[in-house]
Number of protein chains: 2
Amino acid sequence: MAATLSDVAQLAGVSIKTVSNVIHDHPNIRPATKQRVLDAIAAVGYRPNLTARNLRSGRTGVISLVLPTLRNPYFAELAEAVIEAAEREGLSVLIEQSRGADAGARASTAQLVDGMLFSTLGSEAEDTGLYAQLPAGPHSPVDHVTMRNTEAIRAATEHLLALGRRRIVALGARPGDTSGAGSLRLLGYRQALAAAGLDSRPELERAVESWTRFDGAAATEALLNSGTPFDGIVAFNDALALGALRTLGQRGIRVPEQVSVIGFDDLDDARYSLPALTTISPGREQIATLAVQMLAERIAERGEPLPARTITVPFALVERESTAQASAD
Amino acid sequence: MAATLSDVAQLAGVSIKTVSNVIHDHPNIRPATKQRVLDAIAAVGYRPNLTARNLRSGRTGVISLVLPTLRNPYFAELAEAVIEAAEREGLSVLIEQSRGADAGARASTAQLVDGMLFSTLGSEAEDTGLYAQLPAGPHSPVDHVTMRNTEAIRAATEHLLALGRRRIVALGARPGDTSGAGSLRLLGYRQALAAAGLDSRPELERAVESWTRFDGAAATEALLNSGTPFDGIVAFNDALALGALRTLGQRGIRVPEQVSVIGFDDLDDARYSLPALTTISPGREQIATLAVQMLAERIAERGEPLPARTITVPFALVERESTAQASAD
DNA sequence: TGCTACGTTTACAACGTTGTAAACGAGGCC
DNA sequence: GGCCTCGTTTACAACGTTGTAAACGTAGCA
């Protein structure tokens, strides 16, 4: 059994509270007493019971992060950023995988954590940053730290246009989407084409089931089979782009000579693909840091609920091999 | 502020304990009373305070998983398997990233969790399964669920030998290693060669700094530059193998026609590389499940410490494109 | 009518901690 | 010598929950 304050107090011949005072470095403790207590602490191997401390303080120092699955590198990298940011705030992170069904997740540990972060709030949204919320009621204010979906994909598309590409595929559009990252990104793609005076062509907007490598490969396969000519691919995330690279490679289509490819997410994977993938770095670290900070603020301000806030972080375009200037063009 | 048992009791006009009894479905509660309490619970939106419950019970229902980083897909996939297994045992998982320095990690949350899993116990070990331990003392017994490192790499090497490969590179050996996964795997490689009557050649045992894609690519680069002829690569993990594929691809060396490549880990990535990577599936799900179960057992048996146990799980060789039989051989 | 029996509800204590406020004791000052 | 002051230590209560055991009240039986 673990030693308690009481054990230490008994051994040191002082009251429980004095031991507690020593532990918390309270002023006005006689050095001799302090030493005696410290010796007793060492002797019994006392370590504070955090559960009891939490009960007193009403805090646990733990937040939960709800995400679909860690198998997806996007979420894994997000999780690692969140854990690092939380550590800086003195918080630990409990991870829950929602696997699509997201509502149930919040129930399980809500009463055990000081706050919760959701990487997707509804099932419709894709990777649009983080939502932060206290475990309180279902209708408490929710902060949102998000990325520039539209602007970033617009910049990505313009990057290909600047290379002279004119038949640019939007890989990852999803049929009926009117909200979520998918539609925002599609909007950016269309804006870029429009600004360049190009018509948007339905046959270049390729739908996928989900934003996975597999679907990226399959959609590219279908695209090639359809015979639709194209010279660039703006993939709505890196997984799709990597899938596309695979299919193109298999079919012997050279990237970036024949087709330029750009992704979105800046996964570690993007650096090591063949060719290395040009992509949008959406500001993941900053999203994680801000979301954790906002949640920490809310936890601190408990009482007068802050209004819901939304913050958008800047993105960057990372040029790699998949959009290199074709030398012999 | 959250409602407590006391609030519910007051509203329902009963004692605190009766409310508690209703919540726990104790027998012998008059239906009328029960209904009144249930209504009150709903009215005030009562949800049990888990921290208080934990203090009473001495359990938290949380275990921690300590791993180097989630950025590494191996650990991310391991984490997802652990979280799933924990969920089945009714446990939540708190993730801590050790980033190499591993000793410090255990201190931070030890008093907040019922038990801990380490994916590497010392810095020397690579991915050799999971260690399970109660948060108690530093010298409490440690369970270990591990994989067949030597046998698996031996099987991998024999797989290439069966394809007719004779100049097989061991990618991932590490110079002075005498323990850890690296040396176990190197042993398996040498066993396979010896069993086939081949001498092991130092120039085919390629060292790397760390088991990353980057180092896999760099080591392959160095290998090619050295002029040493080779027709197969047994990489000690998938990341190294994927790095090797990248370099081979870049240099125009055809896999599997000219070189067969096999990895170890069976990451999701291995399925989507070009060519798809043949690899060893080390039994990750089973490792996670068993480790969590053993830890749960220890948590339940608190009092009489079980002796430390070690379990080894079976592996499987997953054939994909990178070791396909060369048609024109 | 008086007693037992049992279903139902309750008071109390405890888990280990910490804030509050009071108690203690010794030194300094008038 | 008596009183005040201040440094040091302590008792008590409380955080919200649940196990133990006792109290309550009514029905059933003699």
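Residue numbers begin at 1 in each chain, while the letters A, B, ... track the order of the sequences.
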Please tabulate, one pair per line, all N/O donor-acceptor pairs under 3.5 Å involving side-chain atoms of residues 13-21 of chain A, not counting sequence neighbours.
residue: A:Ser15; atom: OG; partner: A:Lys17; partner atom: N; Å: 3.4
residue: A:Ser15; atom: OG; partner: A:Thr18; partner atom: N; Å: 3.3
residue: A:Ser15; atom: OG; partner: A:Thr18; partner atom: OG1; Å: 3.2
residue: A:Lys17; atom: NZ; partner: A:Asn21; partner atom: OD1; Å: 3.4
residue: A:Asn21; atom: ND2; partner: A:Lys17; partner atom: O; Å: 3.3

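- In this structure, A:Asn54 reaches neither bases nor backbone, as no heavy-atom distance under 4.0 Å exists between it and the strands shown.
- Comparing the local axis fitted to the first five base pairs of the helix from C:dT1-D:dA30 to C:dC30-D:dG1 with the one fitted to its last five gives a bend of 80°, rounded to 10°.
- Side chain to side chain, B:Glu96 and A:Ser92 fail the donor-acceptor criterion of an N or O pair below 3.5 Å.
- Using a 4.5 Å cut-off on side-chain heavy atoms (C-beta onward), B:Phe118 and B:Val142 make no contact.
- Contacts of residues 10-18 of chain B with DNA chain C (heavy atom under 4.0 Å): B:Val14, B:Ser15, B:Lys17, B:Thr18.
- Counting only residues at least two apart or in different chains, salt bridge (charged side-chain N to carboxylate O under 4.0 Å, His left out) contacts with residues 25-45 of chain B comprise B:Asp25-B:Lys34.
- Judged as a side-chain hydrogen bond (donor to acceptor under 3.5 Å, both in side chains), and not counting sequence neighbours, the contacts of B:Glu84 are A:Arg99.
- Nucleic acid contact class of B:Arg56 (heavy atoms, under 4.0 Å, all strands): base.
- For A:Arg59, the side-chain contact (heavy atoms from CB on, under 4.5 Å) partners are A:Ser57, A:Asp114, A:Ile299, not counting sequence neighbours.
- Take A:Arg148 and apply the salt bridge (charged side-chain N to carboxylate O under 4.0 Å, His left out) test, not counting sequence neighbours, and it matches A:Glu151.
- In this structure B:Gln10 satisfies the side-chain hydrogen bond (donor to acceptor under 3.5 Å, both in side chains) test with no other residue, sequence neighbours excluded.
- Residues B:Val62 and B:Leu112 are not in side-chain contact: their nearest non-hydrogen atoms beyond the backbone lie 4.5 Å or more apart.
- For A:Arg309, the side-chain hydrogen bond (donor to acceptor under 3.5 Å, both in side chains) partners at least two apart in sequence or on another chain are A:Asp143, A:Glu297.
- Side-chain atoms of A:Leu130 and A:Leu65, non-hydrogen and from C-beta on, do get closer than 4.5 Å to each other.
- Boundaries of the chain B contact region on DNA chain C are C:dT8 to C:dG16, first to last in 5' to 3' order (nucleotide atom under 4.0 Å from a heavy atom).
- Scanning for salt bridge (charged side-chain N to carboxylate O under 4.0 Å, His left out) contacts around A:Asp268 gives A:Arg271, B:Arg71, with sequence neighbours left out.
- Looking at residues 22-45 of chain B, you'll see B:Asn28, B:Ile29, B:Arg30, B:Thr33 sit with a heavy atom under 4.0 Å from some atom of DNA chain C.
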I'd like to know whether A:Ile311 forms a side chain to side chain contact (heavy atoms under 4.5 Å, CB included) with A:Met294, so could you lay out the CA-CA distance, the side-chain angles of the two residues, the decisive distance to 0.1 Å, and finally the verdict. CA-CA 10 Å; A:Ile311 295 183; A:Met294 288 167 88; 3.6 Å; yes
